[in-house]
Amino acid sequence: MQEAGMWKLYEEIELPLLPVLADMEMAGILLDTQFLAQMSAELGQRLQACQKRLFTLVGHEFNLRSTQQLSQVLFQEMGFPTTGLRKTQSGFISTAVGELEKLMAASQNLSADQQEVLELIFEHRQLEKLRSTYVDALPTLVNPATGRLHTSFNQTGASTGRLSSSNPNLQNIPIRTELGREIRRAFIAPEGWLLLAADYSQVELRVLAHVAQEPALLDAFRQGQDIHAATASKLFGVPIDQVTRSQRGLAKTINFATIYGVSAYGLSSRTEMDPSQAQQFLDQYFETYPRVRQYIEETIRQANEQGYVETLLGRKRYFPELKRRLPHNQRQALERAAINAPIQGSAADIIKIAMIRLHKRLAEEGFQARMLLQVHDELVLEMPAHERDAVASLVREVMENAYHLDAPLKVDVEVGPNWLDMEEVGSQ
DNA sequence: TAACCGTGCCAC
DNA sequence: AAACGTGGCACGGTTA
Ligand SMILES: Nc1nc2c(ncn2[C@H]2C[C@H](O)[C@@H](COP(=O)(O)OP(=O)(O)OP(=O)(O)O)O2)c(=O)[nH]1
Ligand SMILES: [Mn+2]
Ligand SMILES: [Mn+2]
């Protein structure tokens, strides 16, 4: 570690972070298991109905959770067209939603029954995922001694320097669909207390603007613009102030996919664009942000020549395989990982600084408020209601000043009785 | 029965 | 041929 020049990182970040994480794990978070039991029953009803109708349309029963059986039913028994669909490594035609959507997109080739089958599969997949991974699983993990849900934060879980969370993973609680979001209602504060969630705005885009010194991006952030919303406005042809939550969400994926090396084909499969429109989009993107392309090329050169890339705090990720002869696609995959690592890793560095400082400040200033969760660029705390305003401004101050970027860090702070119903706390 | 792999999908 | 990155978990199906 010393030879690698990472001793300082170890002493000043990872080591002091350890007791912070320990406190968070021991604190745990309160879960409304009654609410989840209710939700489970409702999901069970819908799943039953879904399954029954599907078996009627298909003509027999089978295990809907088996991708092998489902593939057989769709592509051998029911005669769905298979052109353009991916095969899995075991030789079956993939039944991933993304593949089945290709079928839906060519719906003129499908009978009404076939279309209904696809819709029912989509519904069944979503309900089954939510029930098995969250609604039924989380309550079984509540600790009987504390009555709370305790995750493990793994400090060495990710190669970029991010944390990971397991048993249960509390970094992937649903938010993107209305139904999935409902699960967040089960994460609650005790009576008289509130949850607070503070999330960095567009964080990796700001890190990118800083490290690439891209003037157009830096300007945009200095003026307080929302790049995800701007991209959404362009993608969907709507004014920026009419961009919906889900439109902005897709634009977010597009923005990060673009800077981390997506192909025109990959971009087209995630949008309504065809591959040539997608190529145009990419060309325009890098024309608008020319330093981003330069930064990418420079990072790839570094990974190949030095054998590693590094974050703002000097965290290194090594790429020894790049020194060897490799199939073209494997080399490209490693190069994309090398582009991503300094940015994702720097964002992780920044929030780790914030966590250490915030932990200290909360203790020093005598707050009862405590950190419970970290979700990569978000901190979730609980606090007595009367601490609301003081803690909100402290959290914002500590997070925004954790590290100086030329694109200023901005934090959105929200407060509420649970992780779903939250209202924004302004910075004034 | 437990461990493992492949598939698929949730989040950031 | 394969075509954003980083994770963890449930399930089916196979193996030991
Ligand atoms: N490569 C990649 N990184 C992602 C993706 N989604 C999220 N991230 C990374 C980059 C984000 O800046 C970071 C935090 O995720 P958030 O959902 O908080 O998004 P972000 O902060 O960019 O926007 P926000 O203003 O919080 O909505 O995680 C993705 O689809 N691909
Ligand atoms: Mn964010
Ligand atoms: Mn976030």
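Here the structure is a predicted model, which is why all the values come from computation and not from measurement. By convention in this document, chain letters (A, B, ...) are assigned in the order of the sequence lines, proteins followed by strands, and residues within each chain are numbered from 1.
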Worksheet item: So what does A:I173 touch, heavy atoms closer than 4.0 Å: a base, only the sugar-phosphate, or nothing?
Response: sugar-phosphate

Worksheet entry | Side-chain donor-acceptor contact under 3.5 Å, A:R331 with A:N304 | yes

Worksheet entry | Closest nucleotide among B:dG6, B:dC12, C:dC9 to the A:Q89 side chain | B:dG6

Fill in: Per A:T160 side chain, nearest of listed nucleotides C:dC11, B:dC10, C:dT6
C:dT6

Worksheet item: For C:dG7, does either OP1 or OP2 sit under 4.0 Å from a side-chain N or O belonging to A:S165?
Response: no

Discussion item. Between A:E42 and A:Q38, do the side chains contain a donor N or O and an acceptor N or O under 3.5 Å apart?
Written reply: yes

Worksheet item: Counting any heavy atom closer than 4.0 Å, what does A:R317 reach on the DNA or RNA strands: base, sugar-phosphate only, or nothing?
Response: sugar-phosphate

Worksheet item: So what's B:dG6 paired with, Watson-Crick or G-U wobble, going by both distances under 3.5 Å?
Response: C:dC11

Response to the item:
Between CG of A:L138 and P of B:dA11 the distance, given in whole Å, is 13 Å

Discussion item. Under 4.0 Å, counting only non-hydrogen atoms across every strand here, what does A:S94 touch: a base, just sugar-phosphate, or nothing?
Written reply: sugar-phosphate

Item to complete: Would you indicate what A:L163 reaches in the nucleic acid, counting non-hydrogen atoms under 4.0 angstrom: base, sugar-phosphate, or nothing?
Response: nothing

Item to complete: Verify the ring-centre separation between A:H376 and A:Y200: is it less than 6.0 angstrom?
Response: no

Worksheet item: If you check every side-chain atom of A:Y260, which of C:dC4, C:dA3, B:dA11 has the closest atom?
Response: C:dC4

Worksheet entry | Which nucleotide in B:dA11, B:dG8, C:dG5 has an atom nearest any side-chain atom of A:N340 | C:dG5

Worksheet item: For A:S159, which contact category applies under a 4.0 Å heavy-atom criterion: base, sugar-phosphate, or nothing?
Response: sugar-phosphate

Worksheet item: At under 4.0 Å, does any side-chain N or O of A:S90 touch on OP1 or OP2 of B:dT7?
Response: yes

Worksheet item: Out of B:dC9, C:dG13, C:dT6, which nucleotide sits closest to the side chain of A:A96?
Response: B:dC9

Item to complete: May I ask you to verify whether the side chain of A:K129 and the base of B:dC9 hold a donor-acceptor pair under 3.5 Å?
Response: yes

Item to complete: Grab the CG-P distance between A:L130 and C:dG8 for me, whole Å please.
Response: 21 Å

Worksheet item: Can you tell me how far C1' of C:dT6 sits from CD of A:Q155, to the nearest Å?
Response: 17 Å

Worksheet item: Any side-chain N or O of A:N169 less than 4.0 Å from the OP1 or OP2 oxygen of C:dC9?
Response: no

Worksheet item: With distance as the sole criterion, is a donor-acceptor pair present between the side chains of A:D136 and A:S40 under 3.5 Å?
Response: yes

Discussion item. Distance check, P atoms only: C:dC4 and B:dC4, in whole angstrom units.
Written reply: 31 Å

Discussion item. Would you say A:S166 places a side-chain N or O within less than 4.0 Å of OP1 or OP2 belonging to C:dG8?
Written reply: no

Worksheet item: So what does A:Q126 hit on the nucleic acid, given a heavy-atom distance under 4.0 Å: a base, only sugar-phosphate, or nothing?
Response: nothing

Response to the item:
Per atom distances to the A:A337 side chain, the nearest of C:dG5, C:dC4, B:dA11 is C:dG5

Response to the item:
A:N329 atom CG is separated from C:dC4 atom P, nearest whole Å, by 12 Å

Item to complete: May I ask you to say what A:R86 touches in the nucleic acid, namely base, sugar-phosphate or nothing, with a heavy-atom cut-off under 4.0 Å?
Response: sugar-phosphate

Worksheet entry | Minimum-distance nucleotide (side-chain atoms of A:A158 versus C:dC11, C:dT6, C:dG12) | C:dT6

Worksheet item: Does a donor on one side chain and an acceptor on the other come within less than 3.5 Å for A:R206 and A:S201?
Response: yes

Worksheet item: In whole angstrom, what separates A:F153's CZ from B:dC12's C1'?
Response: 13 Å

Item to complete: May I have the distance from A:L43 (atom CG) to B:dC10 (atom C1'), rounded to whole angstrom?
Response: 15 Å

Worksheet item: Choosing from B:dC12, B:dT7, B:dG8, which nucleotide comes nearest the side chain of A:H376?
Response: B:dC12

Worksheet item: Checking all strands, does A:E378 fall into the base, sugar-phosphate, or nothing category for heavy-atom contacts under 4.0 angstrom?
Response: nothing

Discussion item. Check this one for me: any side-chain N or O of A:Q69 less than 4.0 Å away from OP1 or OP2 of C:dG13?
Written reply: yes

Fill in: Ring geometry between A:Y10 and A:W7 (parallel below 30°, tilted from 30 to 60°, perpendicular above 60°)
tilted

Item to complete: Classify the nucleic acid contact of A:R336 as base, sugar-phosphate or nothing, counting any heavy atom under 4.0 Å across all strands shown.
Response: sugar-phosphate

Practice prompt. Determine the contact category for A:Q344: base if any of its heavy atoms lies under 4.0 Å from a base atom, sugar-phosphate if only primed atoms, P, OP1 or OP2 are that close, otherwise nothing.
Written response: base

Worksheet item: Expressed in angstrom and rounded to an integer, what is the separation of A:L70 atom CG from B:dG6 atom C1'?
Response: 15 Å

Item to complete: Find the distance A:Q171:CD to C:dG7:C1' and express it as a whole number of Å.
Response: 8 Å

Worksheet item: So what does A:N167 hit on the nucleic acid, given a heavy-atom distance under 4.0 Å: a base, only sugar-phosphate, or nothing?
Response: sugar-phosphate

Item to complete: Ignoring the backbone of A:R65, work out which of C:dG12, C:dA3, B:dC12 is nearest its side chain.
Response: C:dG12

Item to complete: State whether the number of non-hydrogen atoms from other residues, nucleotides or ligands found under 6.0 Å of A:R245 atom CZ is greater than 12.
Response: no

Item to complete: Would you classify A:R270 as touching base, sugar-phosphate or nothing, given that sugar-phosphate means primed atoms plus P, OP1 and OP2, and contacts are heavy atoms under 4.0 Å?
Response: base

Fill in: Under 4.0 angstrom between A:T67 side-chain N/O and C:dC11 OP1 or OP2
no

Item to complete: Taking only the side-chain nitrogens and oxygens of A:R176, find out if one of them lies under 4.0 Å from OP1 or OP2 of B:dC9.
Response: no

Worksheet item: Please walk me through it: do A:R162 and A:E204 pass salt bridge (Lys or Arg N to Asp or Glu O under 4.0 Å)?
Response: CA-CA 13 Å; A:R162 271 191 178 185; A:E204 288 183 27; 3.5 Å; yes

Worksheet item: At under 4.0 Å between heavy atoms, what does A:V97 touch on the DNA or RNA strands: base, sugar-phosphate, or nothing?
Response: sugar-phosphate

